[in-house]
Amino acid sequence: MTETASAPATAAFPDTRPPGCPFDPAAEYRELRESAPVSRVSCPVGVDAWLVTRYEDVRSVLADPRLNSRAASPSNHVNTEADLDAPANPGSILHHDGPEHSRLRRLLTPEFTVKRIQAMRPYIAELVDQHLDAMLEGTEADLYHDFGLPIPSLVICELLGVPYADREMFQAASGVLLKVDITQEQRLAASGQIQGYMAQLVMAKLANPTDEDLLGRLIQRANASGTPLTVEELVTLGISLLIAGHETTANMIALSAAALLQHPDRLAELRADPSIAPAAVEEMLRYLSVVQFGVFRRVVEDLPVGNVVFKEGEFVIAALSSGNRQESVFDRPDEIDFSRNASAHLTFGYGAHQCLGQQLARVELQEVFARLYTRIPTLRLGIPFEKIEFKHDALVYGVRSLPVTWDTQA
Amino acid sequence: MRVNIDEEACVGAGQCVLAAAEVFDQRDEDGVVVLLQAEPPAELGEAVREAAVLCPAMAIHVED
């Protein structure tokens with residue numbers, strides 16, 4: 001075994017964006033794609049890993065059943081205190097593979113079909129308009145806290161059957177859980193809080209599961225399948241959906257606004273023809289790659305990648321943001337171009353774990369892109385661009401806040 | 001053009017429906033892909049190929 005062990009890493013995992021380019025991934029990726037598309041890096045968590053940077057390799061490793069997700073939480077390689085040997089919690093869809101993952105995913109997929117999500121579009125559009133109406137009563141707002149965060153939070157609460165009035169607790173807890181460098185105590189405190197909350201909610205739904213919300217329908221569907229979900233499984237599933245459902249989209253809304261306000265030509269295209277919103281959303285998903293540290297996996301069976309062999313027990317990082325900037329796949333990848341077809345981007349991942357809620361995220365972002373910039377045509381930053389604080393230390397990239405202003409509407 | 005789908009592999013991501021709604025749908029009960037036309041006309045060829053490329057589970061196979 002030792003004679004075939006992989007060489008130790010000589011470089012650190014690239015986690016620093018180039019100065020002055022807050023929308024570009026770490027500069028190392030460009031060179032790695034050319035010269036060392038499969039390389040060894042040392043990770044903050046304390047292990048060495050294979051770093052895969054080319055688009056084709058990212059897709060092929062993420063679709064390969066010889067890699068598993070148990071230690072994947074979602075970017076454990078950058079968390080210095082992560083326990084890579086922790087068992088996967090029952091019901092944790094992110095950490096199970098194979099038949100157990102399929103069982104959990106199949107119970108949830110009916111809630112996220114294209115048809116189901118399209119049916120939510122009028123409600124989402126109305127929600128966006130209500131928030132814009134409220135903003136337009138003044139002439140300034142924080143586009144993250146007043147707009148980006150409430151819209152997906154309201155949508156996921158409505159879908160799940162979680163009272164929106166309880167949002168402060170779960171928004172704060174998920175903010176902690178998605179930070180890179182939290183201590184075990186912080187993690188336990190935040191997850192304990194959100195688990196206690198979700199457990200109460202789940203118990204109430206179990207006592208009276210109705211068709212009116214996802215948790216109720218999930219309970220009924222699992223019962224009908226002959227394998228009812230346990231309280232623990234339901235709590236874990238509920239928390240995963242609640243966190244994934246609001247943080248990612250909230251960050252995309254505010255971060256893409258920060259980027260588009262720096263690209264007035266692209267913004268003018270969108271204002272002139274809001275029907276291009278779907279293409280614009282795909283392009284911004286590609287360009288911004290908000291799951292900024294990629295996807296972490298562990299090898300369960302040797303597999304060849306390029307001219308090396310990943311050995312059982314080794315770790316792999318699939319660099320989504322790097323693949324999304326590969327020139328042979330996306331022409332002039334560092335430019336925002338709404339006329340390209342960006343829909344094969346890697347931002348929602350690839351393989352069996354590809355984002356379950358991607359169609360919901362799309363519709364939310366499309367309604368925001370089609371409405372925000374036309375309803376507030378004079379929208380601009382309320383602070384100098386250099387003063388914007390970006391979330392370099394969060395698993396989902398974004399801005400901490402985005403003060404904006406506009407002229408009084410005639 | 002002939003399309004084959006692997007229902008077992010399908011993870012219900014819905015990418016095929018977005019790419020080619022004339023050819024693919026999803027079952028209401030479990031979100032699994034439903035093939036509406038196994039031999040779609042040539043003008044849908046590009047959309048069907050895109051659906052196959054986008055499918056994260058590689059559950060769509062196209063024969064010419």
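Each chain gets a letter, A, B and so on, in the order its sequence line appears, and its residues count up from 1.
A:Arg105 touches chain B through its side chain: at least one heavy atom from C-beta onward sits under 4.5 Å away, while N, CA, C and O do not. Both the backbone and the side chain of B:Gln15 come within contact range of chain A, each with at least one heavy atom under 4.5 Å from a heavy atom of that chain. Using a 4.5 Å cut-off between heavy atoms, A:Arg116 makes no contact with chain B at all. In this structure, the portions of B:Gln26 lying under 4.5 Å from any heavy atom of chain A include both its backbone and its side chain.
A cation-pi arrangement is absent between A:Arg340 and A:Phe330 under the rule of less than 6.0 angstrom and at most 45 degrees off the ring axis.
Annotation: maximal heavy-atom pairing with chain B below 4.5 Å, among A:Ala63, A:Gly357, A:Ala344, A:Ser343, occurs at A:Ser343. Chain A forms the most heavy-atom pairs under 4.5 Å with one residue out of B:Ala13, B:Ala9, B:Cys10, and that residue is B:Ala13.
Under a 3.5 Å cut-off, the side chain of A:Ser256 and the backbone N or O of A:Met252 do form a donor-acceptor pair.
A pairwise comparison of heavy atoms in A:Leu346 and A:Gly323 identifies CD1-CA, 3.7 Å as the closest pair.
Remark: B:Gln37 pairs with B:Glu22, B:Val23, B:Pro40, B:Pro41, B:Leu44 by the side chain to side chain contact (heavy atoms under 4.5 Å, CB included) rule, at least two apart or across chains.
With hydrogens and angles left out, the side-chain atoms of A:Asp97 and A:His353 include a donor and acceptor closer than 3.5 Å.
The distance between the ring centers of A:Phe348 and A:His345 falls below 6.0 angstrom.
Around the CD atom of B:Glu43, the shell of radius 6.0 Å holds more than 12 heavy atoms that belong to other residues, nucleotides or ligands. Other residues, nucleotides and ligands contribute only 12 or fewer heavy atoms inside 6.0 Å of the CD atom of A:Glu327.
Contact of the A:Ile219 side chain with the A:Lys205 side chain is registered, since non-hydrogen atoms from C-beta on lie closer than 4.5 Å.
Residues of residues 54-64 of chain B that come within less than 4.5 angstrom of chain A, heavy atom to heavy atom, are B:Leu54, B:Cys55, B:Pro56, B:Met58 in numerical order.
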